[in-house]
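Structure first, then comments.
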Amino acid sequence: MNLTLDELIAWGQSLEQGKFITPETRAMMWTPFDFKNPDAEFLYGWGVYPVSDQTSYGFTGGGVSGLRVFPDYDMTVIILTNGHKYFSVHNTVINHVAGLIESDL
């Protein structure tokens, strides 16, 4: 799937506003999937990323882009890059940007 930044932002806003799924379904989506391997931590279609004492949810693509939702802060961080020179820096950058906005992170 190829999206522009504006399309990704619009998608995230529609998800947040309940245009695609209900808040109850979204909460279920962020429930851990019961893997046979207890060390694997993944949700129903999303990754879970602990940051400080907070939980964020998101996904990455190709090692060069990522979308992360911080529900307790009503914040979403999107990063789009164009190469693997510093693979895989997207989670570090997302956490840093979130920390610039919310010092708890």
Side-chain angles (χ1 to χ4, degrees):
M1 174 168 52
N2 290 316
L3 296 173
T4 66
L5 179 57
D6 289 339
E7 291 168 334
L8 192 54
I9 290 169
W11 179 87
Q13 289 170 336
S14 293
L15 179 69
E16 193 65 30
Q17 294 166 359
K19 292 181 180 178
F20 300 138
I21 57 176
T22 66
E24 295 81 15
T25 302
R26 186 177 64 186
M28 197 177 353
M29 175 178 71
W30 289 342
T31 301
F33 182 82
D34 189 19
F35 280 105
K36 290 182 182 181
N37 176 356
D39 295 331
E41 187 173 20
F42 199 74
L43 310 175
Y44 286 88
W46 296 69
V48 59
Y49 301 88
V51 181
S52 298
D53 293 331
Q54 302 298 318
T55 300
S56 66
Y57 307 101
F59 48 84
T60 60
V64 295
S65 61
L67 179 142
R68 189 95 63 76
V69 177
F70 295 82
D72 292 344
Y73 296 95
D74 193 29
M75 174 174 51
T76 299
V77 176
I78 299 169
I79 180 171
L80 304 173
T81 65
N82 62 357
H84 283 77
K85 183 174 181 180
Y86 300 106
F87 184 80
S88 83
V89 69
H90 52 280
N91 286 321
T92 302
V93 172
I94 289 171
N95 291 346
H96 182 73
V97 170
L100 291 173
I101 297 165
E102 291 291 342
S103 61
D104 294 352
L105 302 170

Can you give the donor-acceptor pairs under 3.5 Å from side chains of residues 7-21 to other protein atoms, not counting sequence neighbours?
residue	atom	partner	partner atom	Å
Glu7	OE1	Thr4	N	2.8
Glu7	OE1	Thr4	OG1	3.4
Ser14	OG	Ala10	O	3.1
Glu16	OE1	Arg26	NH1	3.2
Glu16	OE2	Arg26	NH1	3.3
Gln17	OE1	Lys19	NZ	3.3

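- No continuous path of hydrophobic side-chain contacts links Met29 to Tyr49 [ILVMFWY only; heavy atoms under 4.5 Å].
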Checklist entry - Hey, mind stepping through Val69 and Trp46 against side-chain contact (heavy atoms from CB on, under 4.5 Å) and telling me if it holds? => result CA-CA 10 Å; Val69 177; Trp46 296 69; 4.1 Å; yes
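- Connection of Phe59 to Leu80 is established within a shared hydrophobic cluster, with ILVMFWY side chains joined at heavy-atom distances below 4.5 Å, either directly or through further cluster members.
- Annotation for Thr55 and Pro71: closest pair O-CD, 3.8 Å, computed over non-hydrogen atoms.
- Distance OG1/Thr76 to CD1/Ile78: 6.5 Å, rounded to 0.5 Å.
- Applying the side-chain hydrogen bond (donor to acceptor under 3.5 Å, both in side chains) test to residues at least two apart or on different chains, the pairs with a partner in residues 93-105 are Arg68-Asn95, Tyr73-Asp104.
- Val93 and Leu105 end up in the same hydrophobic cluster when Ile, Leu, Val, Met, Phe, Trp and Tyr side chains are linked at under 4.5 Å.
- Using the six-membered ring where Trp is involved, Trp30 and Tyr57 have ring planes that are parallel, under 30° apart on the 30 and 60° scheme.
- Counting all heavy atoms, side chain and backbone alike, Met75 lies closest to Ala98 at CE-CB, 3.9 Å.
- Atom CD1 of Ile79 and atom OG1 of Thr60 lie 11.0 Å apart (nearest 0.5 Å).
- Closest approach of Val51 and Ser56 over heavy atoms only: CG2-OG, 4.0 Å.
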